[in-house]
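As structure tokens, the structure follows; a few thoughts come after it.
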Amino acid sequence: FPVTIGWLSKYALACGYVEWYNFDGGRISLELDGCYHVKQRGIDGHVYWETFRTWYEARNYFVKLIKLTKRKKKLDKIF
């Protein structure tokens with residue numbers, strides 16, 4: 001069900017598939033259950049949860065969180 005760049009499609013999310021990205025002790029996920037949910041489970045155990053009406057908004061936020069997580073990893077290696 002992935003689209004051409006490797007992400008899950010709207011159809012796959014509607015079928016119940018969940019897209020996620022794992023990082024050091026946490027996970028960012030994108031799923032569809034009436035509306036689009038983007039959840040970030042941090043290493044502190046908290047869940048940060050945002051909802052969106054459109055796939056486009058949810059996908060952009062999901063990708064933004066992944067980029068921020070990767071940037072933080074690079075900064076952690078430097079310091």
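All figures in this text were calculated on a predicted structure; none of them were measured in a lab.
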**Asked** Rounded to the nearest 0.5 Å, how far does OH of Tyr17 lie from CG of Leu32?
**Response** 14.0 Å
**Request:** Identify the heavy atoms of Arg41 and Phe23 that sit nearest to each other, and give their distance.
**Result:** O-CZ, 3.8 Å
**Fill in**
In this structure, OH of Tyr21 is separated from CG of Leu30 (nearest 0.5 Å) by 15.5 Å
**Asked** At what distance, to the nearest 0.5 angstrom, does CG of Leu13 lie from CH2 of Trp7?
**Response** 11.5 Å
**Asked** Can you list the residues that meet the side-chain hydrogen bond (donor to acceptor under 3.5 Å, both in side chains) rule with Glu50, with sequence neighbours excluded?
**Response** none
**Message:** Trp49: which residues meet the ring pair (Phe, Tyr, Trp, His ring centres under 6.0 Å) condition with it, sequence neighbours left out?
**Reply:** His37
**Under 4.5 Å side-chain linkage, directly or through intermediates, the cluster mates of Tyr56** = none
**Asked** Which residues pass the side-chain hydrogen bond (donor to acceptor under 3.5 Å, both in side chains) test with Thr51, sequence neighbours left out?
**Response** none
**Message:** Between Phe62 and Tyr36, is there a side-chain heavy-atom distance shorter than 4.5 Å?
**Reply:** no
**Request:** Quick one: name the residues clustered hydrophobically with Trp20, using the 4.5 Å side-chain heavy-atom rule over I, L, V, M, F, W, Y, and just say none if it's on its own.
**Result:** Val18
**Complete:** Applying side chain to side chain contact (heavy atoms under 4.5 Å, CB included) to Leu65 and not counting sequence neighbours gives Ile28, Val38, Gln40, Tyr61
**Asked** How long is the span from the CZ atom in Arg59 to the NZ atom in Lys10, to the nearest 0.5 Å?
**Response** 10.5 Å
**Message:** Testing the basics here: between Arg53 and Glu57, what is the closest heavy-atom pair and its distance to 0.1 Å?
**Reply:** N-OE1, 3.7 Å
